[in-house]
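See structure below.
Side chains included, hydrogens not; waters and symmetry mates left out as well; all remaining heavy atoms used. Order of listing sets the numbers, starting from 1, for every ligand and every atom in it. None of these values were measured; they are calculated from a predicted model.
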Amino acid sequence: MNAAADAAWWQRGVIYQIYPRSFQDSNGSGVGDLAGIERRLDYLRDLGVDALWLSPIFTSPMADFGYDVADYCAIDPLFGNLAAFDRLLAAAHRRGLKLLLDFVPNHSSDQHPWFVESRSSRDNPKRDWYIWRDAAPGGGPPNNWISDFGGSAWQWDGVTGQYYLHAFLPEQPDLNWRNPGVRAAMMDVLRFWLDRGVDGFRVDVLWHIVKADGMPDNPVNDGWRRGDNERDRVHQVHSTDQPEAHAIAAEMRAMADQYGAQTGRERVLIGEIYLPFDRLSRWYGTPDRPGVHLPFNFALALSRWDADGVGRLIAEYEASLPAWGWPNWVLSNHDVPRIAARLGDRQARVAAMLLLTLRGTPTLYYGDELAIGEVAIPPDRVRDPREARQPGIGLGRDPSRTPMAWDASPNAGFSSAEPWLPLHPDWRDRNVAAQSGNPASMLSLHRQLLVLRRREEALTLGALELLDAPQGVVAFARTGDGRRVTVMLNLTSRDVSLDWTGQPLLSTHGECAQRGVLRADEGLIVA
Ligand code: GLC
């Protein structure tokens, strides 16, 4: 599997996540759309990424901005229609870009016809497609499960006198994956998009899709304090990561593989799974019964940014991988703070070098290539339901979802109308046009890193060995194809003496590297 000749496109490639509402608006709605993405495909090809993953574009009341799907096989009119989708897919393929969709199997919208039927009466044939329970004997919710967005995970439904389960918003009822009808219908959804030619899926909250039989209370988290995320009041032992879910992942994988084999075009499945490494690695499945190709590794997005910690997590992650498991890395996404908001401009450059030189498939989040940083969202512009349900404790995701900035024209070239979320404050200077012409910009650094990654087989597919390094520095070697490429990253803002050897290939500081030192906030690649 690691031999270069056998490597699949998703092992060599770099994935780029687009939040469609915020990439490019083409019709003056203030919200991005598919025709807008199509207009920007040349930018993505020139950037040097290989695949685009679109957050959900399906019909949705947008209670959770598309993660509440009312029709899995149609495009929301805000984004376009199926014809616009087919055009986008063909245009991406013409440029050699793959396209991945966001499949949301754990829950639908409460407006989905399946749920409308399910809630209509207790004996409706779709009743069991969702998870309905009587009130607890003394009244109240059936168990102590907490929604990831705060509050009980159970919603009372007066019409039929039962509660239904929602791991997220009440507008996102959980589907019952123990029901064979649900399973078959959802596999049909995958087939629908695979037949249209998509190259794979990112699977939303995959580790949530099956709940423990009998649904016992989750163990209470004694460490929880008022002001913490309500989700963490309990440990999600019985509501997530059930063994039965692996069989479902394997079924999805078998379908993806079957399409790959039939068409000679391999399809990829990426699982959104927030778990520690030992449990994450199980989602690769086994050689006989593979699970998803890439269980998302969010460690870098969630951990403290210091050399010891980062070095340790690289070692622990690598050690946790089964022999058949291909690694992957993520710095940020639409649910967590942007990398430059967390680390500032200088360390964001070091982080970009890390992401694009580690072993495994990187996923780059739109706008991070410009180092879009903090965006303050005024209270009257908050859109994220997670912030709305637990205000003021730092859970809001709007700051990570603001529009892409293309140039210095009104609304940054994103839209002819006021965008649905504000732009970052420095968009007039921090935009694609401004950074394109500047060899020292974050965008240029990304382009250079992506060229280098593609050119150096050692970086694309080579082995990784962590190296001893002075305090504050993460260093590793990538070897392959007879080359040894060394990456040294100074995670501090002071110069560190370091006797490196070899020819510099790229420094985050642009101008020539200096012997005997790794400068403050410098990342350096030598060979
Ligand atoms: C995933 C998505 C997130 C969404 C949630 C519920 O975590 O990334 O944006 O709110 O699932 O669908």
Side-chain angles (χ1 to χ4, degrees), residues 15 17-23 32 53-72 76 100-112 115 130-131 145-151 153 155 164-175 177 186 189 201-211 229-232 236 239-241 245 269-275 280 283 292 294-298 301-302 328 330-338 363 365-367 382-390 395-402 420-421:
I15 298 168
Q17 179 188 358
I18 291 179
Y19 197 66
R21 295 181 71 88
S22 289
F23 202 59
W53 146 37
L54 310 184
S55 281
I57 52 174
F58 316 107
T59 309
S60 166
M62 302 287 164
D64 191 21
F65 297 113
Y67 285 97
D68 48 324
V69 179
D71 184 344
Y72 287 96
D76 195 276
L100 312 179
L101 291 181
D102 204 317
F103 179 49
V104 189
N106 178 68
H107 44 266
S108 72
S109 162
D110 64 345
Q111 306 298 307
H112 195 295
F115 188 72
Y130 293 84
I131 301 174
W145 294 3
I146 307 276
S147 151
D148 274 34
F149 290 156
Q155 177 74 20
Y164 66 84
L165 182 72
H166 58 91
F168 297 89
L169 297 174
E171 293 87 348
Q172 295 168 294
D174 278 40
L175 282 152
W177 273 82
M186 288 306 243
V189 170
F201 302 90
R202 174 264 195 187
V203 186
D204 191 62
V205 296
L206 180 58
W207 86 114
H208 271 266
I209 60 177
V210 179
K211 337 291 169 190
N229 190 345
E230 280 217 27
R231 179 198 63 195
D232 301 330
Q236 297 186 330
S239 49
T240 65
D241 201 26
L269 294 180
I270 308 174
E272 188 210 15
I273 300 162
Y274 283 87
L275 286 175
L280 185 65
W283 287 86
V292 291
L294 301 172
F296 256 147
N297 164 17
F298 297 115
L302 303 177
N328 77 91
V330 175
L331 280 182
S332 77
N333 62 33
H334 64 295
D335 293 326
V336 302
R338 280 192 176 278
T363 300
Y365 185 50
Y366 88 97
V382 168
R383 296 286 177 274
D384 180 17
R386 191 163 83 170
E387 173 68 16
R389 278 170 73 95
Q390 296 188 72
L395 295 178
R397 300 171 294 180
D398 294 326
S400 305
R401 298 173 174 185
T402 61
W420 73 290
L421 281 175

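- At least one heavy atom of Arg202 lies less than 4.0 angstrom from ligand 1.
- Contact atoms of ligand 1 toward Arg397: 3 (C), 4 (C), 9 (O), 10 (O) (distance under 4.0 Å to a heavy atom of the residue).
- Remark: minimum distance from atom 9 (O) of ligand 1 to any protein heavy atom is reached at Asp335 OD1, 2.7 Å.
- The single protein non-hydrogen atom nearest to atom 7 (O) of ligand 1 is Glu272 OE2, 2.8 Å, given as residue, atom name and distance.
- Heavy atoms of Arg401 found under 4.0 angstrom from ligand 1 belong exclusively to the side chain.
- Inter-residue side-chain proximity for Tyr130 and Leu175 is flagged as met; some heavy-atom pair is nearer than 4.5 Å.
- Look at Arg397 and Asp335 and you find a salt bridge, because one of the NZ, NE, NH1 or NH2 atoms lies within 4.0 Å of a carboxylate O, short of that distance.
- Against a heavy-atom cut-off of under 4.0 Å, Phe149 is close to the following atoms of ligand 1: 10 (O).
- By heavy-atom distance, the residue among Leu206, Asn333, Asp204 lying nearest atom 2 (C) of ligand 1 is Asp204.
- For the 3.5 Å distance criterion, the side chains of Tyr67 and Ser55 qualify, holding a donor opposite an acceptor.
- Contacts of His166 with ligand 1, taken as heavy-atom pairs under 4.0 Å, are absent altogether.
- Set against the non-hydrogen atoms of Val205, the atoms of ligand 1 under 4.0 Å away are 1 (C), 7 (O), 11 (O).
- Geometric assessment of Arg401 against the ring of Phe23 yields a negative cation-pi assignment under the 6.0 Å and 45° thresholds.
- In this structure, the ring of Trp420 has its center less than 6.0 angstrom from the ring center of Phe65.
- Taking the charged nitrogens against the carboxylate oxygens, Asp148 and Arg386 have no contact shorter than 4.0 Å, which rules out a salt bridge.
- The atoms of ligand 1 that sit less than 4.0 Å from any heavy atom of Asp64 are 4 (C), 5 (C), 6 (C), 10 (O), 12 (O).
- Side chain to side chain, Gln172 and Asn106 fail the donor-acceptor criterion of an N or O pair below 3.5 Å.
- With salt bridges taken as basic N to acidic carboxylate O contacts below 4.0 Å, none links Asp76 and Arg21.
- Residue His107 approaches ligand 1 through these ligand atoms, each under 4.0 Å from one of its heavy atoms: 6 (C), 12 (O).
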